[in-house]
Amino acid sequence: MGQRSREPGTSTKQRKAGEAAGAADMFSVSLPRNGVLTAALSLLLTRLSYSSLSVPDVPHIASYFGTKTRYEEVNPHLLRDVLSVNKSVLKPPDTERCSPVHLTAVIRHGTRYPTVKNIRRIHKLNELVRREASGGSGGSGGSSGLRDIKGRWEMWFTEDMDGQLVEKGRDDLRQLARRLSVLFPSLLSEENVRKKRIRFLSSSKHRCVSSVEAFQQGLHQHWGRNEVQYSHELDDLLMRFFERCRGYVEGVENNRTALVEVEKFKHGEEMEGVRRRIAERLGLPHHRLTPDLVEAAFFLCSYELSIKSLHSPWCFLFDESDAKVLEYKSDLKQYWKRSHGHVISSLSSCPLFHHVFRTLDKAGRPRRSSDASPEPASILLGHAETLLPLLSLLGLYKDETPPTADNYHTQHGRSFRTSEIVPYAANLLFVLYDCQRGPRLQLLINESPVRFPGLEAEDAPLYRDVRATYRHLLDGCDFHRECEGRPSGRGPNTEL
């Protein structure tokens, strides 16, 4: 187990990273305006600022934070080199000559601050621990962890942070843009951006707007350009479809029975065991530590890691078995609220599904020499709530036995793990190739190849076969019919 952070501000490793980043900033002021040289030096400095440092001390429970998981836990090689690219993930058939002609990327915003609801819970937890915790059993950090919390940890979350993108979140998107530029140089090219051939769409939420701007910054950094002219549109009909689907809002969001499995598990045997153990480690009466406050402590560990790269003293309250239970509780919520649990949850993403396939249709259509060039890329910035319904509609991560409150012990091998599917900066990439036998389509999730359900024999099946597989949705999946019309105003704010 690694050292605890000694102060609530920056650790030694963070100061070194800050100094390296500062050096990069210092150099960037005096660099010549030669694009190639600037790009090369920028790449070198970025890599030095990360890879010259040892990998930071990471909590043993870091891969169980659900939708609050760092992107690096899914791709741990990025901890040593944030710009590492594995070009072998692109898998058109070896037997054909293929080239990528279009990329559609649906991306979740980067690392963010907690929302007000969770900040208030953290305040409440902090006050309870400082006022009443006496230190109990020494298991999993126990009394020593409490000493660090009381003696070294200071409350630094404020309500004005409310879900805003943090600097680490901007880095998430800048670095993703740079990696994708290496993977798709002909599509995410400087010329295509300059001539506005690439479409950038975003949810209207500030963390998404900041993310789409950071993505564009990353592209310009890759080309060695300092000035960025942002070019993006806001489209909540596409990126926040869930709040405009009346069938979803009334049938799931505002329906108390829709999440009955979550409530049962929250007050069930496994969660009660975690609550009891954490209360004992803190020396608190069991009844004073509610399930919501246990979760607040767990999220505190995740926030301090994702935002500040700190191994928070709050992490030492939990062992791996505790973390797995809390991850399962989070997965139950997302499964029954945003995924396969209710059909309307996935059907609410029909507008985005049709948008993606219309874009692919245009890009893959045979063209005459007089036709305008197709759009080389479409970059769509949204939320975990944007990605999960679409992934479900595509038939991905659907286990044979659905997760429930009663089958936790048989679900350890489940594919539906939000920690791996929708971490911060999660991305769903549709890569269309022009091949000798016709257009082919490959799917990547978080920069790793995933095969289409029903087409598992190939990484990049013929596009016509993909369309045939989803014919029932392409010919149907009518948003207005499925959702019974849109509500006149904005729906409730149900951010993850």
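- The shortest side-chain heavy-atom distance between E263 and R256 does not fall under the 4.5 Å cut-off.
- Applying side-chain contact (heavy atoms from CB on, under 4.5 Å) to L391 and the options V450, L396, L443, V106 leaves one that passes, L396.
- Between E295 and K329 there is a salt bridge, since at least one side-chain N of the basic residue sits less than 4.0 Å from a carboxylate O of the acidic one.
- Screening Q175, R170, R174, K168 for a side-chain hydrogen bond (donor to acceptor under 3.5 Å, both in side chains) involving D172 leaves a single residue, K168.
- The line from NE2 of H355 to OG of S349 is 13.0 Å long, rounded to the nearest 0.5 Å.
- Annotation: cation-pi pair R338/F242 present, NZ/CZ under 6.0 Å from the ring centroid and within 45° of its normal.
- Of the possible donor and acceptor atoms, one in the side chain of H60 sits under 3.5 Å from a partner among the backbone N and O of F318.
- With a 6.0 Å radius and a threshold of 12 heavy atoms from other residues, nucleotides or ligands, E269 has its CD atom at or below the threshold.
- With hydrogens and angles ignored, the 3.5 Å screen pairs a side-chain donor or acceptor of E456 with a backbone N or O of G454.
- Outside the 6.0 Å centre-distance limit, the rings of F416 and Y397 are not counted as a close aromatic pair.
- Note on D399 versus R417: no salt bridge recorded, every NZ/NE/NH1/NH2 to OD/OE distance being 4.0 Å or above.
- The aromatic rings of Y408 and H412 lie perpendicular to each other, with more than 60° between the two planes, well past the 30° mark.
- The closest donor-acceptor contact from the side chain of D478 to the backbone of R481 lies under 3.5 Å.
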In sequence, state the C-alpha distance, the side-chain angles, and the governing distance for H340 and S346, and then conclude on side-chain hydrogen bond (donor to acceptor under 3.5 Å, both in side chains). CA-CA 7 Å; H340 298 292; S346 57; 5.9 Å; no
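- Counting heavy-atom neighbours within 6.0 Å of R471 CZ, excluding the residue itself, gives a total above 12.
- Contact of the P59 side chain with the S312 side chain is not registered, since no non-hydrogen atoms from C-beta on lie closer than 4.5 Å.
- Using a 4.5 Å heavy-atom threshold, the side chains of L146 and R281 count as separate.
- The backbone N or O of A425 sits less than 3.5 Å from a side-chain atom of N427, completing a donor-acceptor pair.
- Judged by the 6.0 Å and 45° rule, K68 forms no cation-pi pair with Y424.
- Counted within 6.0 Å of NZ on K398, heavy atoms from surrounding residues, nucleotides or ligands total 12 or fewer; the atom is thus considered open.
- Across every non-hydrogen atom of Y470 and L393, the tightest pair is CE2-O, 4.4 Å.
- Y71 places no side-chain N or O within donor-acceptor distance of the main-chain N or O of L176, the cut-off being under 3.5 Å.
- A donor atom on one side chain and an acceptor atom on the other are not found under 3.5 Å apart for S448 and N446.
- In this structure, R244 and C483 have side chains that are not in contact, with every pair of non-hydrogen atoms separated by 4.5 Å or more.
- The CG atom of L300 sits 8.0 Å away from atom CG of N126, with the distance rounded to the nearest 0.5 Å.
- The pair D361-R467 meets the salt-bridge criterion, since a charged nitrogen lies less than 4.0 angstrom from a carboxylate oxygen.
- E375 places no side-chain N or O within donor-acceptor distance of the main-chain N or O of H102, the cut-off being under 3.5 Å.
- Contact of the S84 side chain with the V82 side chain is not registered, since no non-hydrogen atoms from C-beta on lie closer than 4.5 Å.
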Which is it for F353 and L394 under the side-chain contact (heavy atoms from CB on, under 4.5 Å) test, yes or no, and what are the steps along the way? CA-CA 9 Å; F353 173 87; L394 293 171; 4.0 Å; yes
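- For F298 and F65, the ring centers sit closer than 6.0 Å to each other.
- If you check the side chains of E327 and S419, you find a donor sitting under 3.5 Å from an acceptor.
- Side-chain atoms of W336 come within 3.5 Å of backbone N or O of P403 as a donor-acceptor pair.
- Between the side chains of S392 and S339, at least one donor N or O lies within less than 3.5 Å of an accepting N or O.
- Looking at E304 and H311, their side chains never bring a donor and an acceptor atom within 3.5 Å of each other.
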As a quick check of understanding, evaluate ring pair (Phe, Tyr, Trp, His ring centres under 6.0 Å) for F241 and F479, giving each step before the final call. CA-CA 9 Å; F241 49 76; F479 180 77; 7.8 Å; no
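- Here the side chains of L103 and F430 are not in contact, with every heavy-atom distance at 4.5 Å or above.
- Side-chain N or O atoms of N75 include none that pairs as donor or acceptor with a backbone N or O of H77 at under 3.5 Å.
- Applying the disulfide (SG to SG under 2.5 Å) criterion to C350, with sequence neighbours excluded, gives C477.
- Enclosure of atom CG in D94 is not indicated, since only 12 or fewer non-hydrogen atoms of other residues, nucleotides or ligands lie within 6.0 angstrom.
- Under the 4.0 Å criterion applied to side-chain N and carboxylate O atoms, R179 and E447 are assigned as salt-bridge partners.
- Judged purely by distance below 3.5 Å, without hydrogens or angles, the side chains of Q411 and Y328 never pair a donor atom with an acceptor atom.
- Q216 and H232 share a donor-acceptor pair across their side chains, judged by distance under 3.5 Å alone.
- For the residue pair S321/D319, the side-chain donor-acceptor check at 3.5 Å is satisfied.
- D235 and R240 are not joined by a salt bridge, as no carboxylate oxygen comes within less than 4.0 angstrom of a charged side-chain nitrogen.
- A salt bridge is absent between R451 and E458; no separation between the charged side-chain nitrogens and carboxylate oxygens falls under 4.0 Å.
- Looking at heavy atoms from C-beta onward, S181 lies in side-chain contact with L219 at the 4.5 angstrom threshold.
- Looking at D434 and R440, no side-chain N of the basic residue comes within less than 4.0 Å of a carboxylate O on the acidic one, giving no salt bridge.
- Using a 3.5 Å distance cut-off with no hydrogens or angles, the side chains of Y64 and E73 do not pair a donor with an acceptor.
- For the residue pair D236 and S204, a side-chain donor N or O sits within less than 3.5 Å of a side-chain acceptor on the partner.
- Side-chain contact between F452 and L441 is present, with heavy atoms from C-beta onward closer than 4.5 Å.
- Between Y113 and F157, the distance separating the two ring centers is not shorter than 6.0 angstrom.
- Taking a cutoff of 4.0 Å between a charged side-chain nitrogen and a carboxylate oxygen, E270 and R277 do not qualify as a salt bridge.
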